[in-house]
Q: 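Just dropping this structure here.
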Amino acid sequence: MKIASWNINSVRFRIGIVEQFLREQAPDILCLQETKVIDPDFPHAPFEALGYRHNFINGQRMHHGVAILSKVPLVEDDRLDWQANGEARHLGVRLPNGVRLENVYVPAGGDIPDRELNPKFGQKLDFIERMTRWSESLRGPAILTGDFNIAPLECDVWNHKALLDVVSHTPVEVAALGGLQAAHGWVDLGRSFIAAPERYYTWWSYRAKDWEASDRGRRLDHMWASPEVARAATAHRVHEPCRSWIKPSDHVPIVTEFDF
DNA sequence: ATGTCCGAACGTTTCGGA
């Protein structure tokens with residue numbers, strides 16, 4: 001079982017590179033974030049043509065939105081709203097073997113890392129806190145993946161010191177993410193296979209003139225698993241070349257293979 | 001390091017969000 005996660009930054013605008021990725025990597029399941037499309041306008045046909053016939057979508061107008069496209073039958077569990085503001089940021093399904101698959105788009109949190117000056121930063125921390133409470137009560141084997149919008153380790157960013165005050169790498173966010181991870185004993189599959197201190201990024205800003213040359217990346221996208229599920233993981237890859245494809249997302253896909 | 005990209009709006013350009 002091959003499971004991929006990708007913040008696509010508009011599934012309609014980038015349907016061409018989504019198809020290319022699915023043809024080349026053929027994951028059994030693809031979790032998307034930032035689909036940026038209401039459910040009636042979701043482009044189902046390209047996925048069905050490639051064999052993805054078990055599709056679950058949770059979209060909204062303009063922003064956010066998540067989807068799970070699958071070759072294997074899935075059962076939807078829930079779509080949670082940890083901010084209680086109606087934003088489409090989660091979709092939970094169950095795999096044929098009963099393992100839960102949770103696809104999440106964590107709020108970016110704005111530019112200023114101060115909840116008094118920037119309410120979005122507070123919402124991001126509150127979102128993580130509510131996810132932590134949910135995570136504590138979660139029973140059974142599960143996979144938690146998506147764009148967490150936090151790069152926790154020093155080697156998850158191009159310059160640790162330069163980014164200590166930059167939203168996505170501040171100590172308060174890293175501590176919150178650590179609390180979430182501890183709340184279910186989540187295993188960080190990315191770092192299980194690409195161990196620290198090796199460089200590992202999944203996002204490069206559009207604003208760099210040459211993303212590859214400057215390489216100012218961050219690891220914002222993650223795939224975590226319950227300990228028993230993590231033991232079944234056999235491979236994990238990050239597909240950096242996708243950042244150079246035509247009309248790229250600023251994120252690249254991550255893929256984990258499981259022996260089930 | 002204030003740069004780029006998306007979707008929407010009575011729009012042929014500007015804006016919020018990331």
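Here is how names work: the chains are called A, B, and so on, in the same order as the sequence lines, proteins then strands, and each is numbered from 1.
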Q: With the criterion being N/O to N/O and under 3.5 Å, what pairs connect the protein with nucleotides 11-15 of chain B, and how long is each?
A:
none

Q: So which of A:His90, A:Gln33, A:Arg89 actually passes side-chain hydrogen bond (donor to acceptor under 3.5 Å, both in side chains) with A:Asn103?
A: A:Gln33
Q: So what does A:Arg216 hit on the nucleic acid, given a heavy-atom distance under 4.0 Å: a base, only sugar-phosphate, or nothing?
A: base
Q: Any donor and acceptor pair, going by atom type alone, linking the side chain of A:Thr132 with main-chain N or O of A:Gly179 inside 3.5 Å?
A: no
Q: Tell me every residue that passes ring-ring contact (aromatic ring centres under 6.0 Å, His included) with A:Phe42, counting only those two or more places apart in sequence or in another chain.
A: A:His44, A:Phe47
Q: Can you name the nearest heavy-atom pair linking A:Leu220 to A:Ala151, along with the distance?
A: CD2-N, 4.0 Å
Q: In whole Å, what is the span from the CD1 atom of A:Ile150 to the C1' atom of B:dA18?
A: 15 Å
Q: Rounding to the closest angstrom, what is the interatomic distance between B:dG11 and B:dG16 at atom C1'?
A: 16 Å
Q: Using atom C1' in both nucleotides, what's the gap between B:dC15 and B:dC10 to the nearest angstrom?
A: 15 Å
Q: What interatomic distance, in whole Å, is found between C1' of B:dT12 and the corresponding atom of B:dG17?
A: 23 Å
Q: Please list residues of residues 10-17 of chain A whose heavy atoms come under 4.0 Å from any atom in DNA chain B, ordered by number; otherwise none.
A: A:Ser10, A:Arg12, A:Phe13, A:Arg14
Q: In whole angstroms, how far is the C1' atom of B:dG17 from the CZ atom of A:Arg89?
A: 10 Å
Q: For the pair made of CD in A:Gln123 and C1' in B:dG17, what is the distance, rounded to whole Å?
A: 13 Å
Q: Could you check how far CD of A:Glu34 sits from P of B:dC5, rounded to whole Å?
A: 15 Å
Q: Is NZ or CZ of A:Lys247 both nearer than 6.0 Å to the six-membered ring centre of A:Phe13 and within 45° of the ring axis?
A: yes
Q: Please work out which residues in residues 239-253 of chain A have a non-hydrogen atom less than 4.0 Å from an atom of DNA chain B and list them by number.
A: none
Q: Phosphate oxygens OP1/OP2 of B:dG17: is one of them under 4.0 Å from a side-chain N or O of A:Lys36?
A: no
Q: Near DNA chain B, under 4.0 Å by heavy atom, which residues of residues 203-212 of chain A?
A: A:Tyr206, A:Arg207
Q: For the ring pair A:Trp6 and A:His251, is the centre-to-centre distance below 6.0 Å?
A: no
Q: For A:Asn149 and A:Val37, take the nucleotide of DNA chain B holding the closest heavy atom to each; which residue's nucleotide lies nearer the 5' end?
A: A:Val37
Q: Salt-bridge test for A:Arg219 and A:Asp188: reply yes if a basic N is under 4.0 Å from a carboxylate O, no otherwise.
A: yes
Q: Under 4.0 Å between a side-chain nitrogen and a carboxylate oxygen: does that hold for A:Arg231 and A:Glu228?
A: no
Q: Under the salt bridge (Lys or Arg N to Asp or Glu O under 4.0 Å) rule, what do A:Asp28 and A:Lys71 come out as? Steps first, then yes or no, please.
A: CA-CA 5 Å; A:Asp28 296 284; A:Lys71 291 182 172 183; 5.8 Å; no
Q: Run the ring-ring contact (aromatic ring centres under 6.0 Å, His included) test against A:Tyr52 and tell me which residues pass, sequence neighbours left out.
A: none
Q: Less than 4.0 Å between a side-chain N and a carboxylate O, is that true for A:Asp78 and A:Arg100?
A: yes
Q: Roughly how many Å is it from CG in A:Asp147 to C1' in B:dG17, rounded to a whole number?
A: 13 Å
Q: With a 4.0 Å cut-off on N to O distance, would you call A:Arg191 and A:Asp156 a salt bridge?
A: yes
Q: When you measure from the centre of the six-membered ring of A:Trp158, is the NZ or CZ of A:Arg216 under 6.0 Å away and within 45° of the axis?
A: yes
Q: Over how many whole Å does the gap from A:Leu32 atom CG to B:dC6 atom C1' extend?
A: 16 Å
Q: Out of curiosity, A:Ile68 CD1 to A:Leu101 CG, how far, rounded to the nearest 0.5 Å?
A: 4.5 Å
Q: Nearest whole Å is fine: how far is B:dA18 C1' from A:Ile112 CD1?
A: 15 Å
Q: Without decimals, in angstroms, what is the distance between A:Ile38 CD1 and B:dC6 P?
A: 19 Å
